[in-house]
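Comments concern the structure below.
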Amino acid sequence: MPVADLPLDQLAAIAPQDTQRLAARTAQDAFAAVFRLALDGEKTPLDDSLSQIEMGAYNWCRAGDDANASALRFALLISGIDQWGLAYSQAFGLNSISAVSTLLGNIRSRLTANEDVLFQQFFSQIAELETAAVDFKIELRRSIHLALWHAMAACDTPDESRQIMQSLGGLMAALDEKMPQIGWRLLADSLASIQISFLSDTAGISTQAQQSTQELFEALRHALRPEQFQKILAYSGQAVLAWQQSRRPAN
């Protein structure tokens, strides 16, 4: 992705860029594993499998350099898994995903009283300050939006595709309202990733998926301020162009 200036991240000293991005990927992996368990239903022993996922997540958080670093890892991980759960619940019309709630509750229950106080401080900071954990938020939202786009593209019927498209469009448009400083960057990264995925497999993209993708971009164009939408398109366009140039053979 092309470089763009971002506000100072208040948490970067405790969780550097690589740690934040890894936290987002760890949250994605944990959610994906739990979501598969929820879909399997009776086929998989839920308690044993959840315990394995929980232990892996817990050990990763514990690997922080000190108490603050570990508490911030817990806050990033739990925030990430929770946002995945909310996005999927909304997109697929679910009231909740009980296995996700169980996992989050089990992880929280492992914290001591002092650890929980630190966790809550960092969790609130991530939620309330848009410039806290910027790289985590970019990586997380890009992955959530791209996953929902893939789900939309794989739908069998227009109604199913439209339901996910409307949910995805709503999630993306809300970022611009909730995050006036960096929301545009999160959206630009997401749109660039969607365009690159689309261009990477043009032959495998159905007509229905192409139409839904076009409707998504149109919905965002109408939902966002014109100057903001153009700014997002310009940035995402640079990213797509850089990706295309990187694929060309050297002279």
Side-chain angles (χ1 to χ4, degrees), residues 24-25 27-41 78-101 103-104 126-127 130 136-180 182-201 204-226 228-229 232-233 235-236:
R25 292 192 294 270
Q28 178 181 3
D29 291 344
F31 172 79
V34 173
F35 192 65
R36 283 193 296 269
L37 289 177
L39 292 179
D40 285 345
I78 289 178
S79 173
I81 295 172
D82 185 51
Q83 289 183 62
W84 272 99
L86 289 173
Y88 265 56
S89 295
Q90 180 178 328
F92 297 104
L94 305 172
N95 291 327
S96 63
I97 305 173
S98 59
V100 171
S101 300
L103 175 66
L104 296 181
I126 293 167
E130 64 174 295
F136 165 77
K137 290 172 179 175
I138 291 175
E139 185 80 21
L140 179 73
R141 281 292 159 181
R142 179 197 304 141
S143 299
I144 291 175
H145 295 157
L146 188 57
L148 289 178
W149 177 81
H150 278 295
M152 179 190 77
C155 285
D156 295 325
T157 68
D159 287 344
E160 292 175 345
S161 180
R162 189 170 296 109
Q163 176 184 331
I164 298 177
M165 185 276 292
Q166 290 174 346
S167 178
L168 175 56
L171 286 172
M172 297 177 85
L175 282 178
D176 188 54
E177 297 179 9
K178 295 178 180 177
M179 300 183 179
I182 66 169
W184 74 270
R185 171 63 186 275
L186 273 67
L187 285 177
D189 259 53
S190 294
L191 291 185
S193 297
I194 288 172
Q195 289 175 289
I196 289 170
S197 294
F198 188 96
L199 293 172
S200 297
D201 187 27
I205 301 295
S206 68
T207 301
Q208 179 178 292
Q210 294 178 33
Q211 182 176 348
S212 295
T213 303
Q214 183 176 353
E215 290 176 0
L216 173 65
F217 276 71
E218 280 297 307
L220 288 173
R221 183 173 70 84
H222 288 293
L224 302 174
R225 301 186 308 278
Q228 193 78 327
F229 185 65
I232 291 167
L233 283 186
Y235 183 87
S236 63

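Source: prediction; values computed, not measured. All values below were derived from every heavy atom in this structure, side-chain atoms included, with hydrogens, water molecules and symmetry-related copies excluded.
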Please give me the minimum heavy-atom distance between [X] and [Y], naming the atom from each residue.
{"X": "A91", "Y": "I164", "result": "O-CG1, 4.0 Å"}
{"X": "A30", "Y": "I81", "result": "CB-CD1, 3.8 Å"}
{"X": "A153", "Y": "S206", "result": "O-OG, 4.2 Å"}
{"X": "R185", "Y": "I138", "result": "CG-CD1, 3.8 Å"}
{"X": "I232", "Y": "W184", "result": "CG1-O, 3.6 Å"}
{"X": "I97", "Y": "S89", "result": "CG1-OG, 3.7 Å"}

Listed partners of [X] passing side-chain hydrogen bond (donor to acceptor under 3.5 Å, both in side chains), at least two apart:
{"X": "Q83", "answer": "S79, R141"}
{"X": "Q214", "answer": "none"}
{"X": "W149", "answer": "T213"}
{"X": "R221", "answer": "E218"}

All ring-ring contact (aromatic ring centres under 6.0 Å, His included) counterparts of F92, not counting sequence neighbours: Y88
Which value, rounded to the nearest 0.5 Å, describes the distance between [X] atom [atom1] and [Y] atom [atom2]?
{"X": "I194", "Y": "H150", "atom1": "CD1", "atom2": "NE2", "result": "8.5 Å"}
{"X": "S143", "Y": "Q28", "atom1": "OG", "atom2": "CD", "result": "4.5 Å"}
{"X": "Q208", "Y": "R162", "atom1": "CD", "atom2": "CZ", "result": "8.5 Å"}
{"X": "C155", "Y": "Q163", "atom1": "SG", "atom2": "CD", "result": "8.0 Å"}

Residue list, side-chain contact (heavy atoms from CB on, under 4.5 Å) with [X], at least two apart or on another chain:
{"X": "E130", "answer": "M179, P180, Q181, I182"}
{"X": "T157", "answer": "D159, E160"}
{"X": "Q90", "answer": "S167, L171"}
{"X": "A219", "answer": "none"}

Evaluate the side-chain proximity of [Y] to [X]: yes if any heavy-atom separation is below 4.5 Å, no if none is.
{"X": "S193", "Y": "H145", "value": "no"}
{"X": "F217", "Y": "Q195", "value": "yes"}
{"X": "K178", "Y": "L186", "value": "no"}
{"X": "L220", "Y": "L191", "value": "yes"}
{"X": "L187", "Y": "Q228", "value": "no"}
{"X": "Q210", "Y": "F198", "value": "yes"}

Do side-chain atoms of K137 reach the backbone of I126 as a donor and acceptor pair under 3.5 angstrom? yes
Show, in sequence, the C-alpha distance, side-chain angles and deciding distance for D189 and E139, and conclude whether the side-chain contact (heavy atoms from CB on, under 4.5 Å) test is met. CA-CA 9 Å; D189 259 53; E139 185 80 21; over 6 Å; no
Taking it one step at a time, do M172 and L224 satisfy side-chain contact (heavy atoms from CB on, under 4.5 Å)? CA-CA 10 Å; M172 297 177 85; L224 302 174; over 6 Å; no
Please determine if D29 and R25 form a salt bridge, counting it only when a charged side-chain N lies under 4.0 Å from a carboxylate O. no
Steps toward ring pair (Phe, Tyr, Trp, His ring centres under 6.0 Å) verdict (W84, F35): CA-CA 10 Å; W84 272 99; F35 192 65; 9.3 Å; no
Partners passing salt bridge (charged side-chain N to carboxylate O under 4.0 Å, His left out) against D82 (at least two apart in sequence or in another chain): none
